[in-house]
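In what follows, a structure is listed as structure tokens, so that the remarks can point back to it.
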Amino acid sequence: MAPDDIRTMVRHGLARKIDSDEVPLASVDLFPHAEESKRRRRRIGHTRAINAALGKDTLQRVSLPSRRAQLVQSLAGNWSISLDFSAFFDAFQLSKEVQMLHCFRSEGEIFCLTRLPMGQRQSVEVAQGATSLLLAFPTPGCVTQSYIDNVRFVGTRKAVVAAACTFVKRCNSANLRINDIDQRSSDLATILNGLAKQEDAWLGLVHDLKHKRVRVGEKSISKLAAVVKELRGTTPAYTVAAFFGLLLFGSSVLRCNVAAHFPTMKFLRRFSKDLAEAPQRWKQVVTIPPGALDDMLRWASEVLANVPVQIKPNDAPTLIICVDASAWGWGAICFNVAEGSFHSASVAWTAEERISIGTDDSVYAEPEAAYRALCRFVNPVKAQVEGTVISVLTDSVCTVAAINTGYSPSFAVNRIANRIHQAFGHLAILATHIPGVNNPSDGLSRGQVAEVQAATGLLDSLRQLAGCATQRPPNVNL
């Protein structure tokens with residue numbers, strides 16, 4: 001950092017020159033990060049020595065709700081208030097002993113940081129812990145959300161204003177500053193009432209709380225549009241990486257059909273592998289095959305359209321479908337949770353299907369069986385409410401991955417994932433793996449219809465298992 005920046009830090013109490021009797025124990029790398037939108041340079045302190053000494057297993061993991069769970073929380077009401085701290089990390093004073101671990105040199109003199117640097121490994125844990133503590137109070141009528149220095153209240157207008165007032169007063173007692181409000185005003189409730197919105201931006205998403213819809217934030221859309229203009233047959237690796245980060249984020253929000261873009265995903269797998277094996281390639285240009293480039297641009301146009309999607313409730317499943325496949329055929333049992341009834345299917349593969357699908361290989365037979373079971377039991381004519389949860393239980397790992405990620409690296413399985421999205425994309429279909437010995441449809445896939453009656457006794461245990469599936473699909477490597 002420039003000497004003028006160092007002097008500014010000292011003047012504001014963010015750094016100091018060490019005393020003659022103090023001994024530096026570790027250094028910190030300081031560098032500025034320009035933020036054009038805020039017309040400022042953010043100070044970043046990277047504590048290499050401390051980060052190396054602090055292994056990941058020594059830190060308490062910050063546990064936050066999944067993105068899906070946070071979206072569901074937006075259904076709590078039609079109003080929200082979002083607040084964020086000003087210079088939050090600067091609020092954490094380092095003790096003199098700890099300051100000696102954050103030393104740096106400027107113009108021949110040694111200085112040390114007096115505040116918590118953003119680049120320290122446990123900084124996020126400290127900041128999130130403080131925010132969670134400030135939010136540890138009853139909030140009837142609304143839910144609270146937080147992410148480091150960002151806080152959001154969702155509920156009725158009266159409830160979110162009341163909760164925000166309590167939060168601001170707690171921040172005042174801790175001498176924490178909040179952006180864009182006079183937090184010590186005698187008319188705080190009126191100020192916060194003016195901040196209540198029915199459409200708000202939160203962590204890169206825009207929520208329409210009145211109509212329960214969500215879309216990608218304008219910042220991410222404008223960044224994606226700028227990166228798309230840079231895509232060529234040969235493009236710098238960091239530009240390609242930025243493109244995929246923005247594209248996949250937007251696609252997950254807008255529930256785009258990932259399976260429809262197999263050429264792009266195939267290129268992404270190779271691109272990611274190359275960077276992992278040779279990090280120096282970050283500074284090199286990447287050759288994008290013409291077919292992949294065309295598909296990338298088509299996919300980007302879908303995200304840039306940014307059509308809002310309905311927020312799906314995190315309800316218990318309406319239908320629980322257990323499905324299995326074998327060389328003989330496929331079988332499934334569909335439990336209607338509300339009615340407590342069930343239907344079953346046991347269908348043999350035709351000679352033509354055995355060849356065209358490759359039913360001797362479970363990698364191909366199992367996903368096909370899941371698609372056919374959905375077609376059999378989810379009535380395409382009878383209107384299904386958007387967001388209705390349907391749980392699919394299967395002993396096929398690749399089927400679970402294809403349904404929950406909407407994509408498969410296998411061309412044949414990916415084609416089935418594409419068909420599932422095209423037919424049932426408006427529904428919340430979540431897959432869960434169950435061991436083959438516990439799959440009640442195993443016998444049906446072999447033509448053993450008599451086993452169906454015994455299987456109905458598993459409804460309670462299957463309902464419990466399927467309920468777990470609605471919380472958060474597993475992470476699957478692409």
Side-chain angles (χ1 to χ4, degrees), residues 31-39 42 44 67 201-206 213-309 401-402 404-415 417-422 425 475-478:
F31 58 92
H33 172 64
E35 294 182 312
E36 295 181 5
S37 61
K38 297 183 179 180
R39 302 184 66 182
R42 183 188 292 271
I44 307 296
R67 185 184 302 158
W202 168 253
L203 299 183
L205 305 181
V206 176
R213 292 183 174 273
V214 65
R215 67 179 188 274
V216 182
E218 297 306 321
K219 284 186 179 180
S220 296
I221 290 296
S222 61
K223 288 177 182 178
L224 178 60
V227 172
V228 166
K229 294 179 181 178
E230 301 297 322
L231 286 181
R232 301 289 187 274
T234 54
T235 305
Y238 57 82
T239 301
V240 177
F243 169 80
F244 278 118
L246 293 163
L247 181 76
L248 295 177
F249 170 71
S251 296
S252 66
V253 174
L254 302 174
R255 298 200 289 273
C256 296
N257 185 2
V258 179
H261 301 285
F262 189 79
T264 296
M265 296 303 293
K266 182 178 180 180
F267 168 72
L268 173 59
R269 291 200 313 276
R270 181 172 63 81
F271 171 71
S272 302
K273 182 180 178 182
D274 289 345
L275 288 183
E277 293 178 347
Q280 68 272 17
R281 293 180 178 173
W282 277 100
K283 299 179 180 180
Q284 301 175 1
V285 296
V286 178
T287 300
I288 306 176
L293 180 59
D294 291 343
D295 188 53
M296 289 164 66
L297 295 175
R298 281 195 299 271
W299 191 353
S301 67
E302 296 175 25
V303 177
L304 290 172
N306 203 16
V307 178
V309 296
N404 288 341
T405 65
Y407 158 80
S408 173
S410 163
F411 180 79
V413 178
N414 186 77
R415 185 171 55 188
N418 187 19
R419 286 154 57 192
I420 290 176
H421 187 281
Q422 289 178 336
N475 292 324
V476 180
N477 294 326
L478 299 177

Testing the basics here: between [X] and [Y], what is the closest heavy-atom pair and its distance to 0.1 Å?
| X | Y | value |
| --- | --- | --- |
| V228 | A300 | CG2-CB, 3.8 Å |
| F271 | A237 | CZ-O, 3.5 Å |
| V303 | S251 | CG2-OG, 3.6 Å |
| L246 | S220 | CD2-O, 4.0 Å |
| S408 | A402 | CB-CB, 4.3 Å |
| V227 | T239 | CG1-O, 3.6 Å |

Residue of the set V206, V216, V253 for which side-chain contact (heavy atoms from CB on, under 4.5 Å) holds with N306: V216
Backbone N/O of A259 and side chain of N414: donor-acceptor pair under 3.5 Å: yes
Side-chain donor or acceptor of H421 paired with backbone N/O of Y407 under 3.5 Å: no
Residue pairs passing the side chain to side chain donor-acceptor pair (under 3.5 Å) test where at least one lies in residues 288-297, sequence neighbours excluded: H261-D295, T264-D295, D295-R298
What's the separation between atom [atom1] in [X] and atom [atom2] in [Y], rounded to the nearest 0.5 Å?
| X | Y | atom1 | atom2 | result |
| --- | --- | --- | --- | --- |
| L231 | F243 | CG | CZ | 5.5 Å |
| L248 | S252 | CG | OG | 8.0 Å |
| R415 | R419 | CZ | CZ | 7.0 Å |

Derivation and outcome, side-chain contact (heavy atoms from CB on, under 4.5 Å), residues W299 and V258: CA-CA 9 Å; W299 191 353; V258 179; 3.9 Å; yes
Residue pairs, two or more places apart or on separate chains, that pass salt bridge (charged side-chain N to carboxylate O under 4.0 Å, His left out) and touch residues 222-250: none
Pairs meeting criterion salt bridge (charged side-chain N to carboxylate O under 4.0 Å, His left out) with involvement of residues 259-268, two or more places apart: none
Salt bridge (charged side-chain N to carboxylate O under 4.0 Å, His left out) involving E218 - partner list, sequence neighbours excluded: R215
Pairwise ring-ring contact (aromatic ring centres under 6.0 Å, His included) hits with a residue in residues 218-237, at least two apart: none
Let me have the donor-acceptor pairs involving side chains of residues 274-288, under 3.5 Å, with sequence neighbours excluded, atom names and distances please.
{"unit_1": "D274", "atom_1": "OD1", "unit_2": "R281", "atom_2": "NH1", "d": "3.4"}

Chi angles and distances behind the side-chain contact (heavy atoms from CB on, under 4.5 Å) call for L254, V307: CA-CA 7 Å; L254 302 174; V307 178; 5.9 Å; no
